Amino acid sequence: MQRFRFGKRQRLNRPDQFRAVLAWRCGAGNGRVRLHEAPNTVGRPRLGVSVPKRCGSAVVRNRLKRLAREAFRLEQHNLPPDRDYVLIFTAKWSKKPMSANCLPLGGLEYHTVRRWLRQLHERLDERFLRRTRGRPEGGS
RNA sequence: GGAGCGGGUCGGGCGGUCGCCCCGCACCAAAAACAUAUUGUUCACGGCAAGCCGAUUCGUCCAUGGCGGGUUCGCCGUGCUGGACGACCGGGCAGAAUGGGACAAUAUGUUUUUGGUGCGGGGAGGAAAGUCCGAGCAGGGCAGGGCACGGUGGUGGUUAACGGCCACCCGGAGCGAUCCGAGGGAAAGUGCCACAGAAACCACACGGCCGAUGGCCCCACGGGGCACAGGCAAAGGUGAAAUGGUGCGGUAAGAGCGCACCGCGGCGGCGGCGACGUCGCCGGCAGGGUAAACCCCACCGCCUGCAAGACCAAGCAAGCUGGUCAGCCGGCCCGGUCAUAAUCCAGCGGGUAGGUCGCUCGUCCGUGGGGAAAACCCGCGGGCGGAGCCGGUCGGCAACGGCCGGUCCAGAGAAAUGACCGCCCCCCCGCACCAAAAACAUAUUGGACACGUCAAACCGAUUCGCCCAUGACGGGUUCGCCGCGAUGGACGAACGGUCAGAACGGGACAAUAUGUUUUUGGCGCGGGGGACAGAACUCGGCUUAUAGACCCGCUCCGCUU
RNA sequence: GCGGGCGUAGCUUAAUGGUAAAGCCCCAGCCUUCCAAGCUGGUCAUGUGGGUUCGAUUCCCAUCGCCCGCU
């Protein structure tokens, strides 16, 4: 029976970890979020979420991070375990549905974020494997 | 019932599954430390009886002689030599035995850390927000005064403190409940007041009025004229604002010149802690606005901020240059302090970007355990403090304070409170049903009504038409008659009456029934919505955002009793 | 977290408390065979809400938005 947990050891905690993932330069985005991947040697997939301040107020940013964590928690067994992931929210969200150039937060659910995560990972997977074979001892 | 004012409380609830952060307990795994045991290695680590030996030392006894002194000649004292015994010391027994230490390995136990599993407990707000004030706390080596600068600004109180809060005063808004007010000083000084206006604070210039009085002229002696002296400050369109306002008197014209009321100022009495109020008297006005312009007065204020600061680990280069009448409290001065640079200050260059504490009530005492320990850790009990929260009570109009009791349980650090489902609650929309009310339509019944209709026939002091008879009277005439008209009668039409009201029709309105629509309420189904907003060292306030729900007190208006 | 600063036409900037200015842009007209340039005229603003004042872009308070510095 698979457990769907997401503790502190499954997250990226330090700024240099984030920088290492982004320096691998393997990412894709869909206009609302970006996903980056990089190999690790820990033996479990790890996620780091980055929500910049332009996404909205503190309530909005907390909401986005919780949705991302919930999506990763339920999707983690479908992802390759030897990688680090960084999910970056890029669009501007708002609680008010009528705001200009803001996406409404009300209709966003974790299913949507989970679907984005899966689609972006499928787009990245082939590129990731090619780069890993290219430099087999790269991640020293 | 409607409209409104003030204050307070809450900020969806219950259940299930999965998940996050912190704390405690238990178990498992790993690592480290410590303790114990065993084994091994090692150590210029320690000790070892009796018997034996000895060129150690001491004591007792015996023997012998020497020396010195005394002598009662018996001997006494002292030392040396030899022997025996005893004690001590050294050697030896005596080491590859034994004890101890260090190190290593193994086993067991304990503790700590990390990870995992299970159980239990706790886990966002009234504003956590904005960062507008005030404090605690920390640092600036020591840390004070003045100036400058900044803030506040009715009075009294409250508080750790505040620009907060409470009560009162004054001014303004409102019918009112209530609300709003940076609300000291313009007679200390400076500045500004556009345009308009005679003039914006400076004289009363400009523009005016009068000419009573004096002067001049004329004269019919009643007076009139001139505007020279002189008097006056009322009118002067403007403006936000113009040297008190209105009215009456008064005058040559006028004027607080006089009076009344209002405003203003001064003095005094009374009430109040006070701001101030009130009463009386006096002054006749003593001179614009602006201090959220500079300023004056009173009071308050060091600066920096938990990314403060302390410790540990790692790393780098105790590097270079300059400074010393400096620098250290920064804008200035005084006072204070360090004392010439490894140490202080500034600049350049180099390294780190990890962890623990601060930090989530604090502190003290007693006791038990661990411990070398007064340190420190754990458990239990109690006390004290706190500007925390809740309740009660007392004082106070209140803010608030005193006392008593209970409670003090978020603590992350790329940053925890979430996701899904079900039921319930509140609001909105749609549909269906039920009930009530209203409107409309239809039907039936009743039906106010100064609403309308009614034939034929009959009647008529009505009107008209036509016919007949008579032809007054007037006019014309071709003398045949014509025209107009009166009267009477017949006929026809109209009009009025009778018939004819308890008839017929219309019909406000009322009742009943049915249907439609609307509104309200209830119930059911479906759909949508439930705000503002996320702790980051901690408190006290303020400000701002906020769907709604509930409670309390009060005001005004309308209706009913 | 703390400390500063700024919001004026579509854009860039002015403006002692007294009619909000200029350049570019846009629109219309003139000129030109047409375009450009030029000329003439016009439209368009003090972030928002209060307060002080006779009068606020300016002074004060609150609020919203943006920028910068410490780190």
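Below, chain A is the first sequence line, B the second, and so on; all start at residue 1. Everything numeric in this text was worked out from a predicted model, so none of it was measured.
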Return the nucleotide paired to [N]: Watson-Crick means purine N1 to pyrimidine N3 with N6-O4 or O6-N4, wobble means G-U with N1-O2 and O6-N3, both under 3.5 Å.
{"N": "B:rG156", "answer": "B:rC166"}
{"N": "B:rG239", "answer": "none"}
{"N": "B:rA410", "answer": "none"}
{"N": "B:rG385", "answer": "B:rC361"}
{"N": "B:rC192", "answer": "B:rG289"}

I'd like to check the side-chain contact (heavy atoms from CB on, under 4.5 Å) partners of [X]; sequence neighbours left out, ordered by chain and number.
{"X": "A:Pro52", "result": "A:Arg54, A:Cys55"}
{"X": "A:Phe128", "result": "A:Trp24, A:Cys26, A:Glu37, A:Pro39, A:Arg83, A:Thr132"}
{"X": "A:Arg11", "result": "A:Phe6, A:Lys8, A:Asn13, A:Arg69"}
{"X": "A:Ala28", "result": "A:Leu120, A:Arg123, A:Leu124"}

Side chain of [X] (C-beta onward), nearest among [options]:
{"X": "A:Arg63", "options": "B:rA415, B:rG418, B:rA124", "answer": "B:rG418"}
{"X": "A:Arg69", "options": "B:rA416, B:rG534, B:rA414", "answer": "B:rA416"}
{"X": "A:Arg73", "options": "B:rA414, B:rA124, B:rG19", "answer": "B:rG19"}

- Message: It should be established whether A:Arg66 places a side-chain nitrogen or oxygen under 4.0 Å from OP1 or OP2 of nucleotide B:rU417.
- Response: yes
- Is A:Arg11 near enough to B:rA415 that one of its side-chain N or O atoms lies under 4.0 angstrom from OP1 or OP2? yes
- Message: Using a 3.5 Å distance criterion without hydrogens, assess whether the side chain of A:Glu122 forms a donor-acceptor pair with backbone atoms of A:Gln119.
- Response: no
- Message: Does B:rA326 count as syn, meaning its glycosidic angle lies within 90° of 0, or as anti?
- Response: anti
- Where does B:rG126 fall, syn or anti, if syn means a chi angle no more than 90° from 0? syn
- Query: Hey, any chance A:Leu22 and A:Val33 share a hydrophobic cluster, counting ILVMFWY side chains that come within less than 4.5 Å of each other, even indirectly?
  - Reply: no
- Message: Need to verify one output field. Residue with the more 5' nearest nucleotide on RNA chain B, A:Tyr110 or A:Lys65?
- Response: A:Lys65
- Query: Starting at the 5' end of RNA chain B, which residue's closest nucleotide do you reach first, A:Asn62 or A:Glu70?
  - Reply: A:Glu70
- Terminal axes of the helix from B:rC433-B:rG522 to B:rG446-B:rC509 (five pairs each): angle between them, nearest 10 degrees: 10°
- Interatomic distance, A:Gln17 CD vs B:rA415 P [rounded to whole Å]: 11 Å
- Roughly how many Å is it from CZ in A:Arg61 to C1' in B:rA535, rounded to a whole number? 14 Å
- Note on the structure: CZ (A:Arg114) and NE2 (A:His111) are apart, to the nearest 0.5 Å, by 7.5 Å
- From the list A:Leu67, A:Val59, A:Val60, side-chain contact (heavy atoms from CB on, under 4.5 Å) partner of A:Arg63 resolves to A:Leu67
- Note on the structure: Each base of RNA chain C marked ( ) or [ ] if paired in-strand (Watson-Crick or G-U under 3.5 Å), | if paired to another strand and . if unpaired gives (((((((..((((....[..)))).(((((.......)))))....(((((..]....)))))))))))).
- Item | A:Phe6 aromatic ring stacked with six-membered ring of B:rG19, 5.5 Å and 30° | no
